[in-house]
Amino acid sequence: METALPVRSSASSMAAGEPGHSGGFDFRSMLGRLKAQAFGFDQTFQAHRKDDFVLAFFKDPNVIPNLQLLSDSSGQWITLGTEVEKIEATNVPCTQLSMSFFNRLYEEDIVRDSGHIVKCLDSFCDPFMVSDELRKVLLIEDSEKYEVFSQPDRDEFLFCLFKHLCLGGSLCQYEDVLKPYLETAKLLYKDLVSVRKHPQTKKIQITSSVFKVTAYDSDGVCYPSRKSHEQTFSYLVVDPVKRHVNVLYHCFGVGDMS
């Protein structure tokens, strides 16, 4: 792989106030735990050799000092800092070209015509609190409307992004309406995934390959985190035409307070 300095990086934050600024309250910024990075590579990507490609990515001397993750102990952003011995790279289907994929949420009365998410009695689906019909559809397999999305639907990268956004982090305050989830999922999807127009049919087609990745060192899982959680993940989105790799990373937990 060629020199691969991150060219896109983001982390959510909240504005910090000066100590004692108003009414004796002190405010501190809450640094985010979601990050996107982009890398370039210099060889032809072959999807059937994805495992070789992903292992090469984690072993590359330009990736190792630049690929960022959150420290399990300090909660600070660090670089890999360990030798990866093996990887797991799971194919994530990426075929959706329209947000109409989610129209069924309205059709099945999971979301009202106004856009408000239908509430339900609180229940617990470890480790998430379920207080509306949307989270029931996302999490509870024996719920009445779980099959609104088939398993192939749920495997889609667009659905994965949407679900991750809906479930949020450890300090998540859920939205009452659907629109912010859809808009953010759409923006992320468009930023991470590459498309082009087929030269003959003129139809838009997705050119990216998406992999959910886990890396191991001599002590076990080292990336995305040594602690497993449904909301801890890393996706590699490979554009074989531009020879770019977009990395979307999140580690569940409480953001650093500074």
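Excluded from the calculations below are hydrogen atoms, water molecules and symmetry mates; all remaining heavy atoms, backbone and side chain alike, are included.
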With a 6.0 Å cut-off on ring centres, are Phe41 and Phe53 close enough? yes
Please name the pair of heavy atoms, one in Tyr146 and one in Val137, separated by the smallest distance, quoted to 0.1 Å. CD1-O, 3.2 Å
Is Arg226 paired with Asp217 through a side-chain N to carboxylate O contact shorter than 4.0 Å? yes
Would you say Tyr106 and Leu158 are hydrophobically clustered, going by side-chain heavy atoms of ILVMFWY under 4.5 Å? yes
Below 30° counts as parallel, above 60° as perpendicular, anything between as tilted: where do the rings of Tyr249 and Tyr223 land? tilted
If you define the side chain from C-beta out and look only at heavy atoms, does anything of Phe58 sit under 4.5 Å from Val213? yes
Using side chain to side chain contact (heavy atoms under 4.5 Å, CB included) as the criterion, list what pairs up with Thr95, not counting sequence neighbours. Glu156
Could you list who else is in Val221's hydrophobic cluster, with ILVMFWY side chains joined at under 4.5 Å, directly or through other members? Tyr216
Looking at side-chain heavy atoms only, is the closest gap between Asp51 and Ile87 below 4.5 Å? yes
So, Arg104 and Glu107, do they make that salt bridge, N to O below 4.0 Å? no
Got Ile140 and Ser123 here, is their nearest side-chain heavy-atom distance under 4.5 Å? yes
With the side chain counted from C-beta on, respond yes when Gln231 and Pro127 share a heavy-atom pair under 4.5 Å apart, and no when they do not. no
Flag this pair as yes if the NZ/CZ of Arg135 is under 6.0 angstrom from the six-membered ring centre of Tyr174 and inside a 45 degree cone about the axis; otherwise no. yes
Under the criterion ring pair (Phe, Tyr, Trp, His ring centres under 6.0 Å), I'd like the reasoning laid out for Phe233 against Tyr235: C-alpha separation, chi angles, the key distance, then a yes or no. CA-CA 7 Å; Phe233 56 81; Tyr235 295 98; 5.3 Å; yes
Ring-plane angle category for Phe159 and Phe101, please: parallel below 30°, perpendicular beyond 60°, tilted otherwise. perpendicular
Please identify which of these residues, Ile64, Leu55, Val54, meets the side-chain contact (heavy atoms from CB on, under 4.5 Å) condition with Val84. Leu55
